[in-house]
Amino acid sequence: MFDYVISAAVTMLVVIDPIGLAPLFLAVTTGLSTEERRHVAWRASAIALAILALFGLLAAPLLAALVSSLPAFRIAGALLLFTLSL
């Protein structure tokens, strides 16, 4: 169970990339006060959590409805990431 939690946490860090997004956040919120930046950060985090939870709950039924297997979805995602990295 602990291995699964560590694996999921590392995957989330790679997908979300907070270190890479920090400069973008600072650039987008340049004219805002500290309190406004904090509000924007909390709101963005809540929206991201809602989207991740929604996809986490609906992914298996959606793949079953599309008659697609999880390994096929993983291969397609890997190919997409490979294409983007080129």
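If you're wondering where the values come from, they're calculated on a predicted model, not measured in any experiment.
Closest heavy-atom contact between P23 and I19: CD-O, 3.4 Å. The two residues M12 and L52 have their closest heavy-atom pair at SD-CD1, 3.9 Å. Across I16 and L21, no two heavy atoms sit closer than the pair O-CD1, 3.1 Å.
Annotation: the span from L54 atom CG to L49 atom CG amounts to 11.0 Å, rounded to 0.5 Å. With rounding to the nearest 0.5 Å, the separation of CG in L26 from CG in L32 is 11.0 Å.
At distances below 3.5 Å, at least one donor-acceptor pair connects side-chain atoms of T29 with backbone N or O atoms of F25.
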